[in-house]
Every structure is written in structure tokens, then in C-alpha cells.
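Any value given below was found using the heavy atoms of this structure, including those in side chains, with hydrogens, waters and symmetry copies removed.
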Amino acid sequence: MGTGPGQTVVASTQHGIDLFDANGEYRENIPLNRTDPNHDANVVRAATEIKNGAWWLGTWDGLYMASSFEDIKKASMQNCRSVPFNPYSLSSNQILSIFEDNSGSIWVGTESGLNKYDPYTNQFKPFGAVYKENLNGKSFISVGAYGKNLLMLTRDDGLFIFEEGMVRPFPSVSRHRVFTDYKFLSMYVDARNRIWLGTYTGELVRISPDKNVELLSSGWDVPVYALCEYDGWLLAGTYGKGIQAWNVHANAFVKEPGVYKLDQEINRLYKDKHGRLWAATQRGIFMKPRPESAWQSFRPENEDLFADSNAFFALAESASGQVFAGSKHRIYSFSEENNNFVPVGILDFPELWITDMQFDSANHLWLNLNYNKISRYDLSSGRILFYTVLKKMVRSERPESHAV
């Protein structure tokens, strides 16, 4: 049960949802499946409005998600169902309860267990009775160079390092309380080799080269999705309060970031080889040519049927200095001649979307996707190849052929 527009009471029933006015008077019934009244989708066990105004409906046919209450009436909903042998889908199609906690995580109770939804990776994490202490199932959200080694940040399981051919918890800090108390979304290694971590609730964690861990309370209370060092500042891209700044010289947050202020929902920050600062946001791409310059905005033509047409999640730069941007299902390159982004590739699988991208030393563009999948975009042919790790790396042109 929930409350819709105009204090409408929304009740879940065996035949869809019933609407009542504030006085308890019945108004109408809305079936989720309009063609078959006996369809499992019409057995609604839970109806919840989450913080962004979207509605989640739990049925015997999985989850139905609508961007607004009006979309329910128009039958414009996304259906999310259990996928056999996929550990990051729902445990069952029979949904019993839905709850959003204070951190923004959504918990879904099913006939076969509890699932926690992660809005950033667009996937579910089942909670069972047994926890296997290995790397399988850990959500690695950021990987970056750390000296001659690789540093890897997980969302829920702390910091790892790849050195001497092995992955192990980052020494001396992995048992610090911050890694049990906070959920992480971003990582950055600055020029002084300090590690910065952004959390879901706005705090920053700074780890010095001698492994001293500091928790920096910002008071932002919003997710920090991006971190970038720029012109003497550590910039934090947040989802709700734009770009915030930490003065690395004064060793303090600034209340007004001044010329760095950008009132957008930030998904990624990147400084390119020319010294330009780029921001991928929910409302387009922004670029600052120089520290003293104003932001320039770009809204590429994005005929993406599965996402907000102005939402961009990733930025990367090739060896030649060409900047690429990723929306949910499309890849764009920046044309210096036309001063705009042009589409160069498409991820034609609605269940998958781009969460990050980066070039390797051979100038291959690698895409990080939800469901813990990776793919490589071939700049010359325009093909997207999908990879998974079994006992060896296996390649395919379709993601369905891979075990997750």
C-alpha cells in the first residue's frame, strides 16, 4: 500500500491496484496486464513509491517499475524478473515486500529470499545464509593504478590491491571500521599518492601513503559518484548537490566552490590531456576549458529508448587525446572540429548498460557494464565484444552466451 498523487491511497490486490481517495472512497482499479485479467502481473503484493518519485510494484510476475504514477496508468513500466543462474537478478518472481532504506538502497523480499537493489549498477544482491569469503560476487566499482600495482575498490567489501600476481585486501587498512560502516562509490589517487574514497552518504575517506585512514565528514548527505584533482582542488561530484570542493592546501571543505560550481547530478569527472575538466551528468556533458573559464554544455543527440536521453555515466580519453562519453546504451566521441559529441557505437541489449569506460595501453576501449560484465569496443569496426572470466577469458558478440 502507498500514497499516490492528491493523497490517493494505492492498495495492492489480486487484480492489480485499487485507488481510493483521502476519504476512503473507491475510485478505480488499474490492472498491470490489460490483456489477461488472470495474468500473474495482476497479483500485486506490494506497492511502494521511492524517493525519486518512481513506483515499484511487487507481483507474482516479478517487479514492475514506473518512473511516475502516471506511467502506471499508461502501462509504461519496466518488468524485472528472476533470471535462472544469474546471481545478480531477483531470487524469485513472487515479490512479497519492498522497502527503501535511508541510504537509498531498496530491499525486496521474495518467496525465495531477500534481495538488495543497487541503483548504480542496476542489479540485485541476494542475501543467503552462507557467505563465501572470496572475490566472486564482490562488486568492484573502481580500478586504478597505484604505483606499479592495481588498486580495486568494492562497494561493500573494502579495498583490494593486485600485486605480485595476486589480489589481496589492501594492507593495514582493510579492517578499519570505515570499510564496515560505509558503502563506497568512487576512488581517486592524487598527485601525492593519497587514496580518496567517496561514500554513498557524502563522507570522504583519505588514506595517506603510510596507511593512515581519515574520515572527512562533509555534511553533504548525498552520494559521491566522482572524484578528481583539478588546479589545487579535490573535486567531488555528487548526486544531488553538484560539484563540491576540498582545498588541498587549506585542508578543508569550502562551502562555496565558486567557479567549479555545477548544479547537476554528477556521474563522472575527468581531466583530459589538454587540462580541460569534463563532467558527465544526468542532464548532459559539461566541460571547463580552463580553471577560470565558464562551463560549456553539450547535449548530444541520444535516441536512447531505455534511459533519460541526456544522462551520461562515463568519460574516457584515447592515447591520441580523443574524449569519449558513455550514455546508458551509446558511445560518443568528441569532435574538436564541430565542438560536439557524435555517436560512434551502440550497446543493443536493453538489460545491459554502461557504468564506466577506460582505454588500455593498446588503446582498446573497455566498457564496464552492470551484472558484473565487461566488453570491449572496437574503434575501427564499431563492434562491441563481450567478455567473461571462466577458467580463461572467453569472448563473444552476445552477452547471453556467458555465464555470470
Tyr377 and Phe324: ring pair (Phe, Tyr, Trp, His ring centres under 6.0 Å), yes or no, with the steps? CA-CA 11 Å; Tyr377 175 67; Phe324 287 76; 7.4 Å; no
Run Leu369 and Ile354 through side-chain contact (heavy atoms from CB on, under 4.5 Å) and show every step you take. CA-CA 5 Å; Leu369 310 174; Ile354 300 168; 4.0 Å; yes
Derivation of the side-chain contact (heavy atoms from CB on, under 4.5 Å) call for Trp353 and Arg330: CA-CA 9 Å; Trp353 53 288; Arg330 289 179 182 265; over 6 Å; no
For side-chain contact (heavy atoms from CB on, under 4.5 Å), just list the numbers for Asn340 and Phe298, CA-CA rounded to whole Å, side-chain angles, deciding distance to a tenth of an Å, and then say yes or no. CA-CA 7 Å; Asn340 205 351; Phe298 304 91; 4.0 Å; yes
Go through it in stages, so that I can follow the logic: the residues are Cys80 and Tyr117, the test is side-chain contact (heavy atoms from CB on, under 4.5 Å), and I'd like the CA-CA distance, side-chain angles, deciding distance and then a yes or no. CA-CA 11 Å; Cys80 184; Tyr117 175 73; over 6 Å; no
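Checking Asn363 against Ser318 by side-chain atom types alone, no donor-acceptor pair falls below 3.5 Å.
Between Phe312 and Tyr332, the ring planes are perpendicular. Angles over 60° get that label, and only those under 30° would be called parallel. Aromatic ring pairs are classed by plane angle as parallel below 30°, tilted from 30° to 60° and perpendicular above 60°; the pair Phe341 and Trp278 is perpendicular.
Here the CH2-CG distance, from Trp366 to Leu385, works out to 8.5 Å after rounding to the nearest 0.5 Å. Rounded to the nearest 0.5 Å, atoms CH2 (Trp55) and CZ (Phe69) are 6.0 Å apart. Rounding to the nearest 0.5 angstrom, the gap separating the CZ atom in Arg206 from the CG atom in Leu215 is 11.0 Å. We find the OH-OG1 distance between Tyr225 and Thr355 to be 11.5 Å, quoted to the nearest 0.5 Å. The line from CZ of Arg34 to NE2 of His39 is 13.0 Å long, rounded to the nearest 0.5 Å. We find the OG1-CG distance between Thr110 and Asn93 to be 9.0 Å, quoted to the nearest 0.5 Å.
A 4.5 Å side-chain heavy-atom check between Arg376 and Arg383 finds every atom pair outside the cut-off. At least one side-chain heavy atom of Val108 sits under 4.5 Å from a side-chain heavy atom of Trp56. Contact of the Asn267 side chain with the Tyr239 side chain is registered, since non-hydrogen atoms from C-beta on lie closer than 4.5 Å. Arg268 is listed as a side-chain neighbour of Asp356, based on a closest heavy-atom distance under 4.5 Å. Residues Thr59 and Val43 have side chains not in contact (no heavy-atom distance under 4.5 Å, counting atoms from C-beta outward). In this structure, the side chains of Asp61 and Asn33 stay at 4.5 Å or more apart for every pair of heavy atoms. The shortest distance between side-chain heavy atoms of Phe313 and Met357 does not fall below 4.5 Å. Contact check for Leu235 versus Leu277: side-chain heavy atoms found under the 4.5 Å cut-off.
Shown here for Leu365 and Ala316, the closest heavy-atom pair between the two residues is CD1-CB, 4.2 Å. For Lys211 against Ile207, the heavy-atom pair with the smallest separation is CA-CG2, 4.1 Å. Considering all non-hydrogen atoms of both residues, Gly198 and Leu204 come closest at CA-CD2, 4.0 Å. When all heavy atoms of Cys228 and Leu269 are compared, the closest pair comes out as CB-CB, 3.8 Å. Between Ala279 and Leu262 the shortest heavy-atom distance is CB-CD2, 3.9 Å. In terms of heavy-atom proximity, Leu57 sits nearest to Ala47 at CD2-CB, 3.6 Å.
The backbone N or O of Trp295 sits nowhere less than 3.5 Å from a side-chain atom of Lys288 that would complete a donor-acceptor pair. A distance-only check finds a donor-acceptor pair linking the side chain of Asn42 to the backbone of Leu32 [under 3.5 Å]. A donor-acceptor pair is defined here as one N or O able to donate and one able to accept, closer than 3.5 Å; such a pair exists between the side chain of Thr238 and the backbone of Gly242. A donor-acceptor pair is defined here as one N or O able to donate and one able to accept, closer than 3.5 Å; no such pair exists between the side chain of Tyr230 and the backbone of Arg276. In terms of modelled atom types and a separation under 3.5 Å, the side chain of Ser82 and the main chain of Leu90 share a donor-acceptor contact. Within the 3.5 Å criterion, the main-chain N or O of Ser91 finds a donor-acceptor partner in the side chain of Asn115. Remark: the backbone N or O of His274 is paired with a side-chain donor or acceptor of Asp272 at under 3.5 angstrom. In this structure, Arg45 contributes its side chain and Ser97 its backbone to no donor-acceptor pair below 3.5 Å. Checked by atom type and distance alone, the side chain of Lys241 pairs as donor or acceptor with a backbone atom of Trp220 at under 3.5 Å.
Under the side-chain contact (heavy atoms from CB on, under 4.5 Å) criterion, Ala54 pairs with Ile50, Asn52, not counting sequence neighbours. Taking Asp190 as the reference, Tyr188, Arg192, Arg194, Trp196, Glu229 meet the side-chain contact (heavy atoms from CB on, under 4.5 Å) condition, with sequence neighbours excluded.
Residue Met187 forms a side-chain contact (heavy atoms from CB on, under 4.5 Å) with just one option from Ile195, Leu227, Val205, and that option is Ile195.
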